[in-house]
Structure formats: structure tokens, C-alpha cells
Amino acid sequence: KYWNVLGVNIPDIFTNDPALLADYIVYFDTRADDVFVVSYPKSGTTWVQEIVWQIYNEGAISSEKQIYRFPFLEDTACNMSEHMQIDFKALPSPRLIKSHLTYSTTPRSANKDDQCKYIYVARNPKDVAVSYFHFTEHWKKEGNGYNGPWEFFSKLFIEGNVGWNFWNDHVLGWWKQKDDPNVLFLKYEDLHKDLPSNVRRIANFLNKTLSDELINRIAEQCSFKGMKKNEISYKFESEEKTSPYLRKGVVGGWKSYFTPELNERFEKEVMEKIKGTGLEFDFEAY
Ligand code: A3P
């Protein structure tokens, strides 16, 4: 079940007051040193968030309390557990904020010289759809989410009837801004191919000079295996023992889920829409 908040499907577990949530997003004051890690769900948000955290903290590993999801609000009576509710205004700078908002709904400063930074991460949509399907199992447990088979979920995904709507609209909205000096556009598959050079790329974007030793250590700690060791930090709900944000962590897992018919439909209705934009993805492991 979703609320339509500023034209975006937001799962109703985020708030029971969509109008207040919309106001909160619209009137949210960014700070020049904020860093937003933005993505369509299941594209590697947690991964990039952890890399950014470690870049800012000399390789220290984050803890559960340090992943700030926007817009989860302390001041709307939403039914998320307490640890998910955040008073963003009270957070010290620099705030590292994770969000799935579209480009047009993401808060920005009205002052051009005062813009914060946005790191967007995109992933090939076939793996996104599979990852998203598995993620819905968490909401299923709460009796609040999607409860059907993959075959149906994949159709909902293609038709944009999932949280945060159409994958292609989301990704293209941010892709158009990729040359803005305060936007870094990353791809999940590139991080897979070469994590150390992407850690360096992110650090450069954030104006942080890190030694090779530290870059390599962060890459090691942020590998799938490395993050699994700390999986308790990346929970959705406080009572979980494992993280729904670390499942398989591979490129190409979609192949075990896509029939030739589904693949054809996906190519026509999802991939066709990004043709000619210059945005391309790897669908196979490197
Ligand atoms: P899978 O479900 O395909 O395994 P998000 O953080 O945006 O919700 O994305 C979650 C996806 O990113 C999951 O994909 C998860 O396994 C993957 N992921 C998280 N950390 C990763 C890492 N260090 N390396 C590779 N993939 C990672």
C-alpha cells in the first residue's frame, strides 16, 4: 500500500500523514555540507552510504544509528520503529542522508552557491527488480506489503506500480543532472568491477584526500564479505538478526528469474525508454 506523496509512491509504513510528509520534504532545509546518497530502491544505496561514511570517518565502520533515511520523520506519527525515526534538524553536520526520492522531489537549496552534494547510484533494472522482490518479504512479515509471486511482482515493477514508481523515470531524472558539479552518478556494476577506484572517485567528489592504504582498506571493508561481517548495522527493523540490505550482492542474478517472455517485455518496456540517452548497464558479471 502506498501514499502518493508529491507524485511519488511512498510505502504507507513511512507515515500515516502523507500531507505532512509532503510538507516536510518541500520545506526541508539542506545544509551546504549535507551529502545525499540517492537511488531507486535496491540499487546499492546501503553500499554507497557505507563507503561515504567510512570516507568521512577514516575507515571506521558505521553503526546502525548512523544510517539516516530521508524522509523518515520523528515528527510524523508513523508506525516505523523508534530507531528509524530521525530528527534531521538535530543531526550534527555533515549529515549523510540516504534517500530514494526522485530528482524533482529531492530537497535543494534555493541558493545556487549553497548546494549540497548528491551521489546517485543506479543498477541494471533486471537485478533491481529481483532484489526488490526479495526485499518485499520483509514487509510481508509485517502483513503490510506485497504478498504475491515473482511473476506478478515483475509486472508491477514494469508498470511502475511499486514504491518510487517507474525505475526508468527515476534513473533518467538523475541521469540528466549527471554533469552538475554537485552530482556524482555511479553504477552498481562499476563498483563491482573496481571498488578501490570508485572509492577514490567518491572521495575526490567529496574533496577528501585519502592515502592508498586507506582507500584499499575501505574497499576491503565495503566488499560484500566485509559488509556482511557488520551486517547488524544495516537492519530495517531493530529486532532483525540479519540485514535485508545484504542478500546476494551479485551482477546477473536476474537470469535465474527471467523467462524469455519476461525478458522480451522488459527490453521493450523498460530498456527501450533509456535508449538514446547514453545510459547503459552491464547485465552480466564482469
Ligand atoms: P541483492 O538483493 O541483489 O543482493 P539497497 O541498499 O539500495 O537496498 O540495495 C541492496 C542491494 O545491494 C542488495 O542486492 C544487496 O545485496 C546489494 N549490496 C549491498 N551491499 C553490497 C556490497 N558491499 N557489494 C555488493 N552488493 C551489495
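Read the numbers this way: they start at 1 and go in the same order the structure lists the ligands and their atoms.
Considering only non-hydrogen protein atoms, atom 20 (N) of ligand 1 sits nearest to Leu246 CD2, 3.2 Å. At the shortest separation from atom 19 (C) of ligand 1 among protein heavy atoms lies Tyr245 O, 3.3 Å. The nearest heavy-atom contact from the protein to atom 2 (O) of ligand 1 is Ser131 OG, 2.6 Å.
Residue pairs meeting the side chain to side chain donor-acceptor pair (under 3.5 Å) criterion with at least one partner in residues 172-185, sequence neighbours excluded, are Tyr103-Gln177, Gln177-Asp180.
Ranked by closest heavy atom to atom 8 (O) of ligand 1, the top entry among Lys248, Lys42, His192 is Lys42. If you check each of Tyr188, Tyr132, Phe133 against atom 17 (C) of ligand 1, the one with the closest non-hydrogen atom is Tyr188. One option in Cys222, Ala219, Gly249 has a heavy atom closer to atom 23 (N) of ligand 1 than any other, and that option is Cys222.
Per-residue contacts place Thr46 under 4.0 angstrom from the following atoms of ligand 1 (heavy atoms of the residue considered): 5 (P), 6 (O). The contact set between ligand 1 and Thr45, taken as ligand atoms under 4.0 Å from a residue heavy atom, comprises 5 (P), 6 (O), 7 (O). Here is the list of ligand 1 atoms found below 4.0 Å of a heavy atom in Ser223: 23 (N).
In this structure, Glu50 does not pair ionically with Lys98, as no charged nitrogen and carboxylate oxygen lie closer than 4.0 Å. A salt bridge between Lys187 and Glu280 is absent, with no side-chain N of the basic residue lying under 4.0 Å from a carboxylate O of the acidic one. The pair Arg217-Glu58 does not meet the salt-bridge criterion, since no charged nitrogen lies less than 4.0 angstrom from a carboxylate oxygen. Look at Asp169 and Lys273 and you find no salt bridge, because none of the NZ, NE, NH1 or NH2 atoms lies under 4.0 Å from a carboxylate O.
Considering backbone and side-chain atoms together, Lys98 places no N or O closer than 3.5 Å to any N or O of ligand 1. Residue-to-ligand polar distances keep Asp127 apart from ligand 1: every N/O pair is separated by 3.5 Å or more. Remark: ligand 1 and Arg123 share an N or O pair separated by less than 3.5 Å (distance only, no angle test). Ligand 1 has an N or O atom lying under 3.5 Å from an N or O atom of Gly44, backbone or side chain. Residue Arg247 has at least one N or O atom closer than 3.5 Å to an N or O atom of ligand 1. Residue contacts with ligand 1: Met227 is placed with no nitrogen or oxygen under 3.5 Å of a nitrogen or oxygen of the ligand (distance criterion only). At a 3.5 angstrom cut-off on N or O pairs, Ser39 does not count as close to ligand 1. Not one N or O of Pro41 is nearer than 3.5 Å to an N or O of ligand 1, by distance alone. Looking at ligand 1, you won't find any N or O of Tyr40 less than 3.5 Å from one of its N or O atoms.
Applying the 6.0 Å contact sphere to CZ of Phe224 captures more than 12 heavy atoms from other residues, nucleotides or ligands. Within 6.0 Å of atom NZ in Lys228, more than 12 heavy atoms from other residues, nucleotides or ligands are found, so the atom counts as buried in its surroundings.
Phe28 and Tyr24 have tilted rings, their planes meeting at an angle from 30° to 60° on a 0 to 90° scale. The aromatic rings of Phe157 and Phe153 lie tilted to each other, with the angle between the two planes from 30° to 60°. Ring geometry for Tyr257 against His134 counts as perpendicular: the plane angle is over 60°, on a 0 to 90° scale with 30° as the lower cut.
Put simply, the side chain of Asn165 never gets that close to the backbone of Val8: no donor and acceptor are under 3.5 Å apart.
Of the candidates Arg123, His192, Lys193, Lys193 is the only one forming a side-chain hydrogen bond (donor to acceptor under 3.5 Å, both in side chains) with Asp282.
The closest approach between Phe135 and ligand 1 stays at or above 4.0 Å for every heavy atom of the residue. Heavy atoms of Ser43 come nearer than 4.0 angstrom to ligand 1 in at least one pair.
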